[in-house]
Amino acid sequence: MRNAIDVRVLANRYAAQLQLCCPQNPSSFSLARTVHAHMIVSGFKPRGHLVNRLLDIYWKSSNLVYARQLFDEIPNPDAVARTTLITAYSNLGNLNMAREIFNGTPLNMRDTIFYNAMITGFSHNVDGHSAIGLFHAMRRSNFRPDDFTFTSVLSALALIVDNEQQCGQMHGAVVKSGTGLVSSVLNALLSVYVKCASSPLVSSSSLMASARKLFDEMPQRDELTWTTLITGYVRNDDLNGARELLDTMTEKLGVAWNAMISGYVHHGLFEDALTLFRKMRFLGVELDEFTYTSVISACANGGFFQLGKELHAYILKNELNPNHDFLLSVSNSLITLYWKYGKVDGARHIFYEMPVKDIVSWNAILSGYVNAGRMEEAKSFFAQMPEKNLLTWTVMISGLAQNGFGEEGLNLFNRMRLDGYEPCDYAFAGAITACSVLGSLENGRQLHAQLIHLGHDSSLSIGNAMISMYARCGVVEAARSVFLTMPFVDSVSWNAMIAALGQHGHGVKATELYEQMLKEGILPDRITFLTVLSACSHSGLVEEGRRYFNSMFENYGITPGEDHYARMIDLFCRAGKFSDAKNVIDSMPCKPGAPIWEALLAGCRIHGNMDLGVEAAEKLFELMPQHDGTYVLLSNMYANVGRWNDVARVRKLMRDRGVKKEPACSWTEVENKVHVFLVDDTVHPEVLSVYNYLEELSLEMKKAGYVPDTKYVLHDMESEHKEYALATHSERLAVGFGLMKLPPGATVRVFKNLRICGDCHNAFKFMSKVVRREIVVRDGKRFHHFKNGECSCGNYW
DNA sequence: GTAGGGTTAG
């Protein structure tokens with residue numbers, strides 16, 4: 001048995017040794033283990049602060065197991081040991097263990113610090129309600145909260161606050177407790193006011209006024225104070241309030257400036273962000289990775305590629321803060337900068353040069369490839385990603401859909417859900433887009449039903465995707481009802497709805513909707529004009545189209561792009577106004593490119609304007625000799641007037657030049673001139689005869705117990721535009737009509753512009769069953785094989 | 001308290 005003096009000497013020695021251990025230092029753990037082992041060997045039972053020191057070192061070096069072991073060995077751990085363990089468990093997110101120790105501690109052993117540990121644990125683990133509940137329990141048991149208590153409990157309150165009373169009550173409690181002069185408490189209180197202001201249930205302006213009052217009364221303000229209030233204004237969309245506050249700040253606190261710049265970026269005010277950045281540089285406020293990432297993002301989204309590149313060069317040249325975080329986050333934003341301006345390879349270069357990548361880097365480069373339509377590479381990135389998150393899946397799903405891989409997109413969406421992800425709005429929007437490229441009304445409706453069930457159906461991007469899905473699946477009415485029931489709409493929604501009407505031949509309704517959009521104060525963008533011009537073109541509204549085109553720049557300052565000029569040419573050509581079309585080409589500010597000549601050729605084909613058509617085709621051969629579409633259009637043009645020798649000549653030309661694909665007309669399989677126009681959506685002199693066949697066909701379908709997919713065409717057209725309406729539907733009408741004219745047993749290949757939509761699918765199934773024909777339909781790289789009323793799909797080559 | 005990666009419309 002040692003005597004008391006020996007024990008004291010030992011204890012002092014151990015304490016001195018453990019004092020040398022710095023818990024953050026990795027080697028401290030082994031030193032502590034050695035000291036601890038020595039204690040055990042020499043039969044020394046650690047107590048009091050020695051135990052607590054060991055516990056502290058163990059958990060801070062991520063060795064909670066040893067801490068727990070020691071804790072269980074000592075006979076009656078004191079409040080400090082218990083507090084240490086509660087903190088340790090909370091930091092690991094293991095609230096149950098922390099709570100167990102907390103509950104197992106008798107009241108007479110507890111103190112304020114003990115309570116603080118548990119409250120902080122709840123707060124850090126985003127359990128605001130438990131933190132507040134414990135705070136009240138603590139006061140009921142007559143423990144006196146201190147400034148630490150309030151700091152924790154206020155940050156817990158900030159997580160859940162949603163009414164003004166909660167702010168007032170807590171504010172009162174702070175004042176009463178005498179902690180109302182402590183900076184950390186006041187900052188946390190300020191944060192509560194600011195968070196409460198963002199709640200939809202309160203008046204943000206009055207809350208922000210209270211926050212401002214508190215701010216003005218604070219005895220001192222640090223970086224956190226300024227940043228909290230500036231962020232508060234930003235979150236409540238009061239950019240001017242935020243800026244006015246920043247302008248009153250005399251200290252050069254970089255974080256507050258960063259918050260302001262990021263506020264501008266998030267509100268789309270990219271120029272303001274850049275101006276502020278310049279001022280920041282001018283005044284010598286310290287720039288860090290937060291500054292640069294926000295500013296580069298402003299360049300990426302605001303059309304400032306040149307400036308972004310200059311920043312990139314500046315960063316490389318000056319080797320600014322080449323620390324890990326700086327390099328990582330700035331490179332991530334640079335990846336996005338480059339691909340947004342079409343420089344995917346530049347983005348890839350940055351990506352591969354990065355010594356360390358994280359999930360953001362991977363998602364950024366994945367988006368780049370998806371956006372460039374380089375899906376094979378995107379798939380390979382997706383497959384080799386070390387980790388994925390919700391965003392990864394979303395990017396990939398919508399990317400597949402956007403690039404025409406509807407089925408894969410939908411499959412991936414299902415896989416994602418099987419993997420346990422709860423899809424966000426964007427993922428749903430992507431899946432809905434997948435349905436619309438697939439033309440799968442059934443899947444689209446299912447998703448719609450699920451969204452209603454989940455209460456997700458009021459989302460803007462989902463609504464927008466749904467409008468276009470219903471339209472592209474042929475159900476304009478459903479598109480309209482989505483549009484009308486959406487709680488919020490934006491210009492995308494209007495564009496989608498205008499397009500829906502235009503696509504279905506309701507040109508007049510489309511232009512009326514456009515006018516209504518203007519009345520409601522929504523500004524049209526370049527896509528609105530593309531949509532409106534298409535609608536006019538498909539419905540023969542030539543003068544209206546001309547007027548809208550002119551108003552583009554005159555009234556809205558939008559410079560027409562080549563695509564707008566191409567629409568005008570389309571508009572005039574469909575109406576047979578070739579001199580107007582030529583005038584458009586002559587009036588163009590830059591050299592007309594392929595889309596222009598393509599539109600002209602397509603127009604010439606409709607009306608059999610051979611000379612002009614050949615001229616356009618020659619231009620196209622010059623510009624893109626390997627583009628099979630030109631050969632297709634040209635041979636269609638000849639086929640339309642029965643010049644079969646010329647058709648053969650074009651085919652030979654194509655073969656001689658080594659162009660791979662076959663012309664997109666089916667006359668080789670079936671010697672049937674009619675079929676040629678059936679595969680695209682142009683006005684054709686013979687189109688009215690389709691109408692008669694349609695009526696026959698729908699009668700036959702009804703007799704066989706099917707609902708004809710053409711019903712809305714027959715009943716829903718505007719009578720004065722009947723033939724145009726039909727023309728826009730000919731993609732679908734083609735199916736029925738073409739097959740009726742075919743000899744039994746023929747194999748049909750429909751090569752071009754045919755979108756296999758849901759109704760179309762049904763019509764094919766019907767035809768293959770009732771008329772007993774085998775049908776192969778090619779849709780891009782996919783084929784759909786219909787036989788005996790069933791369909792199998794696959795890749796064509 | 002500040003940052004970087006996404007969506008829908010033609």
Side-chain angles (χ1 to χ4, degrees), chain A residues 155 158 187-188 190-191 194-195 222-232 234-235 253-263 265-266 288-298 300 325-337 339 358-368 370-371 389-399 401-402 424-433 436 459-469 471-472 483 489-500 502-503 525-535 561 563-564 567:
Chain A
S155 62
N187 282 338
L190 186 66
S191 170
V194 160
K195 287 274 169 53
D222 58 14
E223 203 169 40
L224 183 58
T225 324
W226 286 96
T227 312
T228 304
L229 194 58
I230 288 173
T231 311
V234 167
R235 295 257 163 92
L253 305 175
V255 181
W257 286 72
N258 290 347
M260 190 68 232
I261 289 182
S262 115
V265 174
H266 284 302
D288 60 12
E289 64 262 37
F290 289 84
T291 327
Y292 279 103
T293 45
S294 290
V295 169
I296 292 167
S297 163
D325 286 342
F326 185 89
L327 216 62
L328 181 64
S329 54
V330 170
S331 303
N332 287 343
S333 60
L334 283 169
I335 293 174
T336 305
L337 174 78
W339 75 249
D358 65 2
I359 182 132
V360 179
S361 336
W362 282 93
N363 285 339
I365 195 71
L366 183 71
S367 306
V370 159
N371 215 276
N389 63 12
L390 188 61
L391 208 137
T392 320
W393 289 89
T394 309
V395 168
M396 201 61 200
I397 290 165
S398 54
Q402 290 257 312
C424 60
D425 294 5
Y426 295 149
F428 269 111
I432 293 165
T433 308
S436 55
S459 145
L460 188 60
S461 38
I462 289 177
N464 292 342
M466 210 123 66
I467 294 173
S468 119
M469 183 273 292
R472 287 164 80 168
F483 179 71
V489 290
D490 63 0
S491 68
V492 177
S493 330
W494 286 92
N495 291 348
M497 196 56 225
I498 294 168
Q503 283 158 1
D525 56 21
R526 45 185 311 284
I527 291 173
T528 317
F529 282 105
L530 285 177
T531 310
V532 170
L533 293 176
S534 284
D563 37 3
H564 294 99
R567 296 289 152 102

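Labels below follow one simple rule: chain letters A, B, ... track the order of the sequence lines, proteins then strands, and each chain is numbered from 1.
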- prompt: Reckon A:T225 touches a base, only the sugar-phosphate, or nothing at all at heavy-atom distances under 4.0 Å?
  reply: nothing

message: Categorize A:I498 for me: base, sugar-phosphate, or nothing, with a 4.0 angstrom heavy-atom threshold over every strand shown.
response: nothing

- request: State the NE2-CG distance between A:H564 and A:L530, to the nearest 0.5 angstrom.
  value: 3.5 Å

query: A:S294 near the nucleic acid: base, sugar-phosphate alone, or nothing, with a heavy-atom cut-off under 4.0 Å?
result: sugar-phosphate

task: Extract, from 5' to 3' on DNA chain B, the first and final nucleotides lying under 4.0 angstrom from some heavy atom of chain A.
output: B:dG1 to B:dG10

- prompt: What is the nucleic acid contact for A:W393, judged by heavy atoms within less than 4.0 Å: base, sugar-phosphate only, or nothing?
  reply: nothing

query: What does A:D358 touch in the nucleic acid at a heavy-atom separation under 4.0 angstrom: a base, only the sugar-phosphate, or nothing?
result: base

Sugar-phosphate, base or nothing in reach of A:S333, heavy atoms under 4.0 Å: sugar-phosphate

task: Would you classify A:D325 as touching base, sugar-phosphate or nothing, given that sugar-phosphate means primed atoms plus P, OP1 and OP2, and contacts are heavy atoms under 4.0 Å?
output: nothing

statement: side chain to side chain contact (heavy atoms under 4.5 Å, CB included) with A:N495: of A:D490, A:T528, A:N464, only one passes, and it is A:T528

- prompt: Taking only residues two or more places apart in sequence or in another chain, which ones pass side chain to side chain contact (heavy atoms under 4.5 Å, CB included) with A:D325?
  reply: A:E289, A:N323

query: Rounded to the nearest 0.5 Å, how far apart are OG of A:S297 and CG of A:L334?
result: 11.0 Å

message: Within the 4.0 Å heavy-atom criterion, would you say A:V255 contacts the bases, only the backbone, or no part of the nucleic acid?
response: base

query: Looking for any heavy atom pair under 4.0 Å, which part of the strands does A:H266 touch: base, sugar-phosphate only, or nothing?
result: sugar-phosphate

message: As a test of understanding, state which of A:T394, A:I397, A:V395 forms a side chain to side chain contact (heavy atoms under 4.5 Å, CB included) with A:Y426.
response: A:T394

query: What does A:I230 touch in the nucleic acid at a heavy-atom separation under 4.0 angstrom: a base, only the sugar-phosphate, or nothing?
result: nothing

task: Let me know which of A:D425, A:V492, A:T433 forms a side chain to side chain contact (heavy atoms under 4.5 Å, CB included) with A:S461.
output: A:D425

